[in-house]
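Note sheet for the following structure.
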Amino acid sequence: MIASYFVKDKRKLLSAVVCLVLAAVFIIAASGCSSKSRYMDEAGFIAFAEDEFKTHELVKPAGEQTVSYYYGEEFSYAVRSEECPGDAVKAFIDERVAQIAEDSVNSSGSALLIDVAVRRTENGALSIMISRSEYDKDSEENPIFAGQKVETYLLKDDGTLLQPLQVLNVNYRAKASEFTEKYIENTYSREEKTPGWRLFVTPDSRNYKKFLMDGSSIDFFFDDNTVLQEGRGIVSVNLGSLPMETAIRPKVLDRYVDRSLPMVAVTYDDGPGGKSEAAILDTLKKYGSVATFFYQGYRLDMESENARRAAEQGCEIGNHSWNHPLYSSLTSKEVAKQISRTNSKITEICGVEPAVSRPPYGDYNTKVLKAAGMAQILWTVDTLDWKTRNPRKIFKAVKAAGNLDGKIILMHSIYKETAKATEYIIPWLRQQGYQTVTVSELIKYKTGDAPKPGTVYRKLP
Ligand code: ZN
């Protein structure tokens, strides 16, 4: 098979070399590209953008593209996009594009070009690439290329985010590594590569996260200064269809937890809540995330819709007593009653039997543990959401907690400020590389066992 190979840098804007090594198409969009002539008006900007889109293209366009231009004297940007199926996916892309444009307007750049590619995988997921090229100004106000970034996503048609291992088999990184390592090795000189380039092409779970794929091929992207020296831009390696045949799952998985990656349990007490909890469930759904809700039995009849929905979305439902008493002030019999009545109600409404419980106020003693007869879940990170009632402060409490792997975060689903904080926390956790898991999953993956009755868990090793 013949593959072509393109390099663009300061001296050579485009040089194409036919390359027989491996079935790979390879593109580098180098930063520090020569400055273009200054654009003084909208027509000038459009001409500039058309040129630059071609120069910094990371993948070949598939089908029709539409371009929108936003011209301003200080700052202009253009968005080029492939046809997008469905409103939910379009809304997701529009939101990312708006965020990128907003971030860029707030920096001191002069222009921004956003390129969006949308493909469908063989098992029906949508693969999305959003790349941006940023331009500064030189002393004569000419736009100069200041670098390129790429982000990629996998989505369901309803707009829910998927993780790579929900779409691809666990062996996909090994397949990708086999081809990519040889390719980089044989294609670039030692001077072009970074001293540690091999670290970025191993089958390690940190690698091969950025890609665009369709039914017949996959392009992996490597950021500037990872495999090649800084200033050489994003590297794109196309693997064609050969390695993909065994790498793609026949069917997209609803969830996949990778035991080798960090995981965190987000928990919400005191519900089922009303609108605030519905908003939390919306956010969890949007990011394909799960949490654990510790419910008070007496609220389940009035908020049954949220409770049912939480269980349906794959969240765990835990016991948080019938009506929030201080367990240590009750008799053993009363504690047992609080637990069993709530468990029955949860089973009736949600169709699941709780495996975990959280004592109100985190209050327990030996007698309570015995009487309750369930695993008692405390927490590692107390967001104090009930006290501050401030979304930024709640988010800050999570960010300030350091390494969250194996930790349990405490919030309450009955406050609208907590729902707002959840909108910051869930995507941030994802961005930091954490998988959200339920409390039972966290215990199972970290200890190898199911939650043990009579045991208190605060964090997992
Ligand atoms: Zn509580």
> Should the heavy atoms of other residues, nucleotides or ligands under 6.0 Å from CD of Gln432 be counted, would the total exceed 12?
Replying inline: yes

>> Go through it in stages, so that I can follow the logic: the residues are Val456 and Leu378, the test is side-chain contact (heavy atoms from CB on, under 4.5 Å), and I'd like the CA-CA distance, side-chain angles, deciding distance and then a yes or no.
In response: CA-CA 7 Å; Val456 178; Leu378 299 189; 3.8 Å; yes

> So does Asp158 pair up with Lys156, basic N to acidic O under 4.0 Å?
Replying inline: no

>> Tell me whether Gln313 contacts the main-chain N or O of Leu281 through its side chain, where contact means a donor paired with an acceptor under 3.5 Å.
In response: yes

> Considering all heavy atoms of both residues, which atom of Tyr457 and which atom of Lys452 are nearest to each other, and what is their separation?
Replying inline: OH-N, 2.9 Å

> Does Arg173 pair with Asp258 as a salt bridge, N-O distance under 4.0 Å?
Replying inline: yes

> Distance from Ile128 atom CD1 to Cys84 atom SG, nearest 0.5 Å?
Replying inline: 6.5 Å

>> Does any part of the side chain of Arg119, heavy atoms only, come nearer than 4.5 Å to the side chain of Leu126, both counted from C-beta?
In response: no

> Rounded to the nearest 0.5 Å, how far does CG of Leu155 lie from OG1 of Thr160?
Replying inline: 7.5 Å

> Using a distance-only test with no angle check, is there a side-chain donor-acceptor pair under 3.5 angstrom linking Gln229 and Asn225?
Replying inline: no

> Where the side chain of Asn186 meets the backbone of Lys182, is there a donor-acceptor pair that is under 3.5 Å apart?
Replying inline: yes

> Hey, are Arg358 and Asp269 close enough for a salt bridge, meaning a charged N less than 4.0 Å from a carboxylate O?
Replying inline: yes

>> I want to check something: taking the side chain as every heavy atom from C-beta on, are Ser357 and His320 in contact at a cut-off of under 4.5 Å?
In response: no

> Do the side chains of Leu154 and Phe211 get nearer than 4.5 Å, heavy atoms only?
Replying inline: yes

>> Can a side-chain donor-acceptor contact be found between Gln296 and Asn319 if the only test is distance below 3.5 angstrom?
In response: no

>> Exactly one of Thr422, Thr418, Thr292 should register a side-chain hydrogen bond (donor to acceptor under 3.5 Å, both in side chains) with Tyr268. Which one does?
In response: Thr422

> Is the Lys NZ or Arg CZ of Arg392 less than 6.0 Å from the centre of Tyr424's six-membered ring, within 45° of the axis?
Replying inline: yes

> Any donor and acceptor pair, going by atom type alone, linking the side chain of Thr438 with main-chain N or O of Glu316 inside 3.5 Å?
Replying inline: no

> Is the closest basic N to carboxylate O distance between Arg309 and Asp282 below 4.0 Å?
Replying inline: yes

> Just by distance, do the side chain of Asp224 and the backbone of Gly231 share a donor-acceptor pair under 3.5 Å?
Replying inline: yes

> What is the distance from atom OH of Tyr287 to atom OG1 of Thr436, rounded to the nearest 0.5 Å?
Replying inline: 12.5 Å

> So does Lys345 pair up with Glu348, basic N to acidic O under 4.0 Å?
Replying inline: yes

> Under the side chain to side chain donor-acceptor pair (under 3.5 Å) criterion, do Tyr295 and Glu277 qualify, and how do the steps go?
Replying inline: CA-CA 11 Å; Tyr295 285 153; Glu277 193 171 284; 2.8 Å; yes

> Asp405 side chain to Met263 main-chain N or O, any donor-acceptor pair under 3.5 Å?
Replying inline: yes

> So does Glu64 have more than 12 non-hydrogen atoms from other groups sitting under 6.0 Å from CD?
Replying inline: no

> If you measure only the distance, is there a donor-acceptor pair under 3.5 Å linking the side chains of Arg341 and Tyr298?
Replying inline: no

> Hey, what do you get for OG1 (Thr383) to CD (Glu417), rounding to the nearest 0.5 Å?
Replying inline: 11.5 Å

> Charged N to carboxylate O under 4.0 angstrom, Arg120 versus Asp157?
Replying inline: yes

> Is Thr194 close to Leu228 at the side-chain level, that is, under 4.5 Å between some pair of heavy atoms?
Replying inline: no

>> Quick test of your reading of the model: are Lys90 and Asp94 salt-bridged, counting only N-O distances below 4.0 Å?
In response: yes

> Should we count CG of Asn323 as having more than 12 external heavy atoms under 6.0 Å?
Replying inline: yes

>> Could you check whether Thr347 and Glu353, counting side-chain N and O atoms only, form a donor-acceptor pair closer than 3.5 Å?
In response: no

>> Which heavy atom of Gly273 sits nearest to which heavy atom of Ile414, and what is that distance?
In response: CA-CG2, 4.0 Å

>> Assess the residue pair Asn207 and Val201 against the criterion (side-chain contact (heavy atoms from CB on, under 4.5 Å)); give the C-alpha distance rounded to whole Å, side-chain angles, the decisive distance to 0.1 Å, and a yes or no.
In response: CA-CA 7 Å; Asn207 295 331; Val201 296; 5.8 Å; no

>> Tell me if a side-chain donor or acceptor on Asn169 pairs with a main-chain N or O of Tyr172 at a distance below 3.5 Å.
In response: no

>> Side chains of Ile409 and Val264, heavy atoms from C-beta outward: is any pair under 4.5 Å?
In response: yes

>> Closer than 4.0 angstrom, basic N to acidic O: yes or no for Lys420 and Glu423?
In response: yes

> Which heavy atom in Ala397 sits nearest to a heavy atom in Val381, and how many Å separate them?
Replying inline: O-CG1, 3.9 Å

>> Take a 6.0 Å sphere around CZ of Arg198 and say whether it holds more than 12 heavy atoms from other residues, nucleotides or ligands.
In response: yes

> Between CZ of Phe220 and OG1 of Thr152, what distance do you get to the nearest 0.5 Å?
Replying inline: 9.5 Å

> Using 4.0 Å as the upper bound for N to carboxylate O, is an ion pair formed by Glu303 and Arg308?
Replying inline: no

> Do you know which two heavy atoms are closest between Ala176 and Leu239, and how far apart they sit?
Replying inline: CA-CD1, 3.7 Å

> Does Ile394 offer a backbone N or O that forms a donor-acceptor pair with the side chain of Asp385 under 3.5 Å?
Replying inline: no

> Rounded to the nearest 0.5 Å, what separation is found between the CH2 atom of Trp379 and the CD1 atom of Ile408?
Replying inline: 10.5 Å

> Should Leu58 and Ile234 be marked as a side-chain contact (heavy atoms from CB on, under 4.5 Å) after you check the CA-CA gap, both sets of side-chain angles, and the distance that decides it?
Replying inline: CA-CA 8 Å; Leu58 289 176; Ile234 293 168; 3.8 Å; yes

> In this structure, are over 12 heavy atoms from other groups packed under 6.0 Å from Lys396 atom NZ?
Replying inline: no

> Is it true that a side-chain atom of Gln148 and a backbone atom of Glu134 form a donor plus acceptor pair closer than 3.5 Å?
Replying inline: no

> Closest heavy-atom contact between Phe53 and Val79?
Replying inline: CZ-C, 4.3 Å

>> Looking at every heavy atom in both Ala355 and Ser440, which two are closest together, and how far apart are they?
In response: CB-OG, 3.9 Å

>> Taking the ring of Tyr361 and the ring of His324, is the distance between their centroids below 6.0 Å?
In response: yes

> Does Lys149 NZ have over 12 foreign heavy atoms under 6.0 Å away?
Replying inline: no

> Salt bridge or not for Glu151 and Lys209, using N-O below 4.0 Å?
Replying inline: no

> Ignoring hydrogens and geometry, is there a side-chain-to-backbone donor-acceptor pair from Asn390 to Lys393 under 3.5 Å?
Replying inline: yes

>> Between Leu212 and Phe221, is there a side-chain heavy-atom distance shorter than 4.5 Å?
In response: yes

> Are the side chain of Asp363 and the backbone N or O of Ser328 linked by a donor-acceptor pair below 3.5 Å?
Replying inline: yes

>> Counting only heavy atoms not in Glu83 (residues, nucleotides, ligands), do more than 12 fall under 6.0 Å from its CD?
In response: no

> If you draw the axis of the six-membered ring of Tyr208, does the NZ or CZ of Lys210 fall within 45° of it and under 6.0 Å from the ring centre?
Replying inline: no

> When the ring planes of Phe145 and His56 are compared, do they come out parallel, tilted or perpendicular, using 30° and 60° as the limits?
Replying inline: parallel

> Taking only residues two or more places apart in sequence, or in another chain, which ones meet Leu253 in a side-chain contact (heavy atoms from CB on, under 4.5 Å)?
Replying inline: Gln166, Arg249, Tyr256

